[in-house]
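First up is the structure itself, then whatever we jot down about it.
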Amino acid sequence: KKRDGKNGAQVYHPSFEDGTRERAAIEHDIELGLSNDWFDAYFQPIIQMKTGRIVGYEALLRLLHPERGVIPPGRLISIAEETGAIDRVGTRMLEKALENFVRLSEASGNSDTYLAINLSPLQFEPALPMKLTAMTNRYGIAPGRIVIEITEATLLHDNPQIRTILDSFNRHGYRIALDDFGTGYSSLSYLNRFPVDIVKIDQSFVRAMCDDETELNEKSRMLVEGITAISHKMACTVVAEGIETEEQWALLKSFGVDNGQGYLFARPQSVATLIAEQRAKPEP
Ligand code: C2E
Ligand code: CA
Ligand code: CA
Ligand code: CA
């Protein structure tokens, strides 16, 4: 809402002001989060579609605010990217994710699961592969257990520096997942131009597939089935995200999707909670 003063003086835009205030509050929380150690890596299990068994976990950033509780990334990441805080947030997040992954693996006695980590395009600097390798060595985690999730934004300009970094990850034995697949401009073309191992079908397709409100559900099903077939031909594993219903699970399974994640199986949760749950119902 805007109010025009009689002589054109008092024009203000509360929504804009709220926006800048919210932004300043988030910037403040990021700095507080870094200095008070409020950032944590929550884990969402990734399951094998055929069996429902856990094959890995995606690490998702959370800010544990003492007054406001658990804050999901939302605008936090984009603001950190704009202010340049993403380097420090990203490094802190990597430490938390690796530390939690070791704790969880030790508690469950399972060393076959993998850990998927989201990286912002702005974290892609030449030193990144060495930095990650130093960290995984320190935590005693084999690179083969780490998946690096990138989005089309990272590949967009076909930057030779990005290509060098991805090739280096590939040589070290890390796997690369292309996140939010199908939402960009030329998703398919990235599959043969970059060393991609895993395709993550965006949750918007999974939702549209079984949504009776949209005419697109038939087409979404064909798209998901087609993306899965092409990805397999390109020797990629397919992961579907945002699975919330049994119907979606059954359909995706019938299309040959390998792995999936979503609220149907588990929400992202703290590693302490995951460990407590495993203790409560041990797997056979
Ligand atoms: P994303 O990488 O696509 O992650 C999946 C998002 O979908 C997560 O939101 C997850 O909580 C949510 N999700 C999982 N299953 C379901 C479901 O069944 N239904 C619905 N509606 N949502 C589901 P979250 O944790 O809020 O993260 C949002 C985004 O923030 C992520 O999207 C990712 O782009 C970014 N992000 C999260 N952690 C990091 C990080 O450590 N670094 C960077 N650079 N980005 C991150
Ligand atoms: Ca992701
Ligand atoms: Ca995604
Ligand atoms: Ca997404």
Side-chain angles (χ1 to χ4, degrees), residues 42-50 52 55-62 71-81 116-122 147-157 175-194 196-234 236-269:
Y42 270 34
F43 281 13
Q44 183 176 41
I46 300 166
I47 63 99
Q48 183 180 46
M49 294 297 256
K50 273 192 207 142
V55 292
Y57 301 90
E58 178 176 6
L60 294 157
L61 182 74
R62 292 293 183 270
I71 305 175
R75 291 185 63 212
L76 227 147
I77 304 264
S78 58
I79 289 175
E81 286 174 340
I117 299 166
N118 293 282
L119 289 182
S120 156
L122 295 180
V147 168
I148 294 160
E149 295 200 1
I150 59 171
T151 60
E152 192 167 315
T154 299
L155 307 178
L156 207 54
H157 303 293
R175 281 176 292 162
I176 309 285
L178 196 46
D179 205 352
D180 303 338
F181 193 84
T183 58
Y185 293 107
S186 49
S187 305
L188 280 177
S189 81
Y190 293 119
L191 291 187
N192 61 2
R193 285 159 54 212
F194 293 97
V196 175
D197 306 289
I198 297 169
V199 165
K200 293 193 80 173
I201 297 178
D202 191 67
Q203 55 190 56
S204 59
F205 295 107
V206 174
R207 196 172 312 123
M209 269 189 347
C210 301
D211 182 354
D212 298 331
E213 304 288 300
T214 171
E215 316 258 280
L216 288 175
N217 55 18
E218 189 67 29
K219 285 179 180 165
S220 299
R221 291 175 192 202
M222 291 192 281
L223 260 175
V224 170
E225 193 172 12
I227 288 172
T228 304
I230 291 173
S231 301
H232 283 159
K233 286 217 163 106
M234 307 290 290
C236 292
T237 300
V238 178
V239 181
E241 47 177 36
I243 304 169
E244 294 183 353
T245 67
E246 297 276 351
E247 190 191 4
Q248 290 167 340
W249 183 13
L251 256 180
L252 292 164
K253 211 173 356 183
S254 77
F255 295 159
V257 170
D258 304 286
N259 301 329
Q261 60 189 106
Y263 297 165
L264 176 65
F265 310 110
R267 288 182 178 256
Q269 48 209 310

_Applying side-chain hydrogen bond (donor to acceptor under 3.5 Å, both in side chains), can you list everything that pairs with T183, at least two apart in sequence or on another chain?_
none

*asked:* Test of understanding: with salt bridge (Lys or Arg N to Asp or Glu O under 4.0 Å), list the residues that count as partners of R193, not counting sequence neighbours.
replied: D158

*Using the test side-chain hydrogen bond (donor to acceptor under 3.5 Å, both in side chains), find all partners of S187 that sit at least two apart in sequence or belong to another chain.*
E152

*With sequence neighbours excluded, tell me which residues meet side-chain hydrogen bond (donor to acceptor under 3.5 Å, both in side chains) with Q269.*
none

_side-chain hydrogen bond (donor to acceptor under 3.5 Å, both in side chains) for Q261 and Q44? Distances and angles first, verdict last._
CA-CA 7 Å; Q261 60 189 106; Q44 183 176 41; 2.8 Å; yes

*Please step through side-chain contact (heavy atoms from CB on, under 4.5 Å) for the pair C210 and L251, ending with a clear verdict.*
CA-CA 9 Å; C210 301; L251 256 180; 3.6 Å; yes

*Compute whether any side-chain donor of one residue and acceptor of the other, for Q203 and D180, lie under 3.5 angstrom apart.*
no

*Considering non-hydrogen atoms only, spot the tightest contact between P73 and L61 and give its length.*
CD-O, 3.1 Å

_Distance (rounded to the nearest 0.5 Å) between F205 CZ and N217 CG_ = 14.0 Å

_For F43, give me all partners under ring pair (Phe, Tyr, Trp, His ring centres under 6.0 Å), at least two apart in sequence or on another chain._
Y57

_So, using side-chain hydrogen bond (donor to acceptor under 3.5 Å, both in side chains) as the criterion, who are the partners of E225 when residues are at least two apart?_
none

*Is there side-chain contact between V55 and D258, with at least one heavy-atom pair below 4.5 Å?*
no

